[in-house]
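Worksheet: one structure, shown below.
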Amino acid sequence: MNYFYVMNGKKLKQALIISVAVLFAIGIIYSERENVSVFSQYEPAAVYSIPTERKLIALTFDISWGDTRTEPILQILENKGIRNATFFLSSPWTKSHPDTVSKIVKGGWEIGSHGHKHVNYSSLSDEEIRAQIKTAHQIIQEVTGASPNLLRLPNGDFDKRVLRIANELRYTVIQWDTDSQDWMNKGVDTIINRVLSKAHPGDIVLFHASDSVKQTHEALPVIIDKLREKGYEFVTVSQLMKQTKVSNQPPVEDQTMKPIR
């Protein structure tokens, strides 16, 4: 009889050890998951789209360099009566193109920051990230007379630290749900078909207005007309964000960072 209790004691001890080991493993897995996820609901998150049933769509344009592509795009937006669009300007370009920036401001289009140096911020130290965002903010504010609060990071690159620091500096990081891939210059029809096939209510669409894009100004009029035919209303990112809670889930296909300058 004593042997019976000894055997059960051993089994109980083994069961306790196994249970503790399992709980410990679960804890490690959960902890690691929290470490690698930059989209935790308890932390600042990037905005990719806005869940809404209304046919609202935000056209956004990144500008980091060049002298020839921005003006035609502004003219198209004006001709099409699109006053609600968002431009993300790098501060060096803003400083060297004050006249064009003035046209954006006077046209009533929204301006966000595209940072200072066109580098991947996730590769920088906390101090460097903070300095890049603050430097861009100061320059854009001086040229435009307004304080931007939207940030699209160079190459769309960020990590948890970047999100945290941007949030501390009162910026919201804006990504996109539809990448026009105009920066790849695959052809006007390709750009048009890609946007029209992916556009949806609450969508944020990525375009560029740097000199690296050769076909955006040709594709844009058709995209605007077709989206209007489908019943879409064009809004700025800020206007879109006022609709409802933001979607901070990254699109599966469009997570590849764009190596554009």
Side-chain angles (χ1 to χ4, degrees), residues 47-64 66-89 93 97 100-112 114 148 150 152 156 174-244 246-247 251 253-254 258 260:
V47 178
Y48 288 80
S49 64
I50 301 295
T52 177
E53 295 181 358
R54 297 179 60 189
K55 283 196 168 183
L56 304 177
I57 194 164
L59 305 183
T60 67
F61 301 84
D62 293 0
I63 311 177
S64 55
D67 305 307
T68 63
R69 298 299 175 184
T70 305
E71 294 277 0
I73 289 173
L74 292 178
Q75 190 61 55
I76 289 167
L77 294 177
E78 185 173 349
N79 292 342
K80 293 292 183 180
I82 305 295
R83 292 297 179 181
N84 293 327
T86 303
F87 287 83
F88 291 94
L89 312 180
W93 184 88
H97 296 80
T100 306
V101 174
S102 178
K103 290 182 180 180
I104 297 174
V105 174
K106 291 179 180 177
W109 294 292
E110 181 174 48
I111 291 178
H114 197 31
L150 303 178
R152 175 166 288 156
I174 306 298
Q175 291 290 94
W176 55 87
D177 214 10
T178 295
D179 183 354
S180 68
Q181 293 189 350
D182 58 348
W183 51 278
M184 298 179 73
N185 296 307
K186 291 182 176 181
V188 175
D189 289 341
T190 299
I191 296 170
I192 292 171
N193 293 333
R194 181 172 176 82
V195 174
L196 294 180
S197 65
K198 293 179 175 294
H200 60 84
D203 197 5
I204 297 175
V205 185
L206 171 66
F207 291 103
H208 298 82
S210 294
D211 281 6
S212 51
V213 294
K214 313 296 183 183
Q215 300 146 348
T216 304
H217 66 290
E218 298 180 57
L220 193 57
V222 179
I223 291 172
I224 291 172
D225 290 344
K226 293 295 184 181
L227 288 174
R228 275 182 168 152
E229 289 177 7
K230 294 183 178 183
Y232 279 96
E233 177 184 350
F234 299 97
V235 294
T236 65
V237 170
S238 293
Q239 290 170 335
L240 187 61
M241 289 175 63
K242 291 178 181 178
Q243 295 302 306
T244 183
V246 302
S247 167
E253 182 175 349
D254 292 330
K258 53 188 179 65
I260 191 168

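One-based numbering along the sequence shown.
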Side-chain heavy atoms of [X] within contact of [Y], under 4.5 Å:
X      : Y      : result
Thr100 : Asp67  : no
Ile174 : Met241 : yes
Ser180 : Arg194 : no
Leu220 : Phe61  : yes
Val235 : Ile57  : no
Ile204 : Thr178 : no
Leu196 : Leu227 : yes
Phe234 : Leu59  : yes

Which heavy atom in [X] sits nearest to a heavy atom in [Y], and how many Å separate them?
X      : Y      : answer
Ala85  : Leu77  : CB-CD1, 4.3 Å
Ile50  : Gln243 : CG2-CB, 4.1 Å
Ser212 : Asn185 : O-ND2, 2.9 Å
His217 : Pro72  : CB-CB, 4.2 Å
His114 : Ile63  : CD2-O, 4.0 Å

How long is the gap from [atom1] on [X] to [atom2] on [Y], to the nearest 0.5 Å?
X      : Y      : atom1 : atom2 : value
Glu233 : Arg54  : CD    : CZ    : 5.5 Å
Asp179 : Leu206 : CG    : CG    : 4.5 Å
Lys103 : Lys106 : NZ    : NZ    : 9.5 Å

- Assign the ring pair Phe87 / Trp109 to parallel, tilted or perpendicular, where the plane angle (0 to 90°) is split at 30° and 60°. perpendicular
- Please work out which of the three classes, parallel, tilted or perpendicular, describes the rings of His208 and Trp183, given edges at 30° and 60°.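 Rings of Trp183 and His208: perpendicular, over 60°.
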Can a side-chain donor-acceptor contact be found between [Y] and [X] if the only test is distance below 3.5 angstrom?
X      : Y      : answer
Gln175 : Arg152 : no
Asp211 : Thr68  : yes
Asn84  : Thr236 : no

Results of salt bridge (Lys or Arg N to Asp or Glu O under 4.0 Å) for [X] - residues two or more places apart only:
X      : value
Glu218 : none
Lys55  : none
Asp189 : none

- Message: Using the rule given for side-chain hydrogen bond (donor to acceptor under 3.5 Å, both in side chains), can you reason through Arg69 versus Ser210, listing the C-alpha separation, both sets of side-chain angles and the distance that settles it, and then say yes or no?
- Response: CA-CA 6 Å; Arg69 298 299 175 184; Ser210 294; over 6 Å; no
Please check if the side chain of [X] supplies one atom and the backbone of [Y] the other of a donor-acceptor pair under 3.5 Å.
X      : Y      : result
Asp182 : Thr216 : no
Trp93  : Gly66  : yes
Thr60  : Thr86  : no
Asp177 : Ala199 : no
Gln215 : Ile191 : no

- Partners passing side chain to side chain contact (heavy atoms under 4.5 Å, CB included) against Lys80 (at least two apart in sequence or in another chain): Ile76, Ile82, Pro221, Ile224, Asp225, Arg228
- Task: Please list, chain by chain and in numerical order, all residues satisfying side chain to side chain donor-acceptor pair (under 3.5 Å) with Ser102, sequence neighbours excluded.
- Result: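 With sequence neighbours excluded, Ser102 shows a side chain to side chain donor-acceptor pair (under 3.5 Å) to no residue whatsoever.
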- Message: Walk me through whether Gln239 and Glu110 qualify under side chain to side chain contact (heavy atoms under 4.5 Å, CB included).
- Response: CA-CA 10 Å; Gln239 290 170 335; Glu110 181 174 48; over 6 Å; no
- Task: Tell me, please, which residues at least two apart from Phe88 pass ring pair (Phe, Tyr, Trp, His ring centres under 6.0 Å).
- Result: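 If we apply the ring pair (Phe, Tyr, Trp, His ring centres under 6.0 Å) test to Phe88, skipping adjacent residues, there are no hits.
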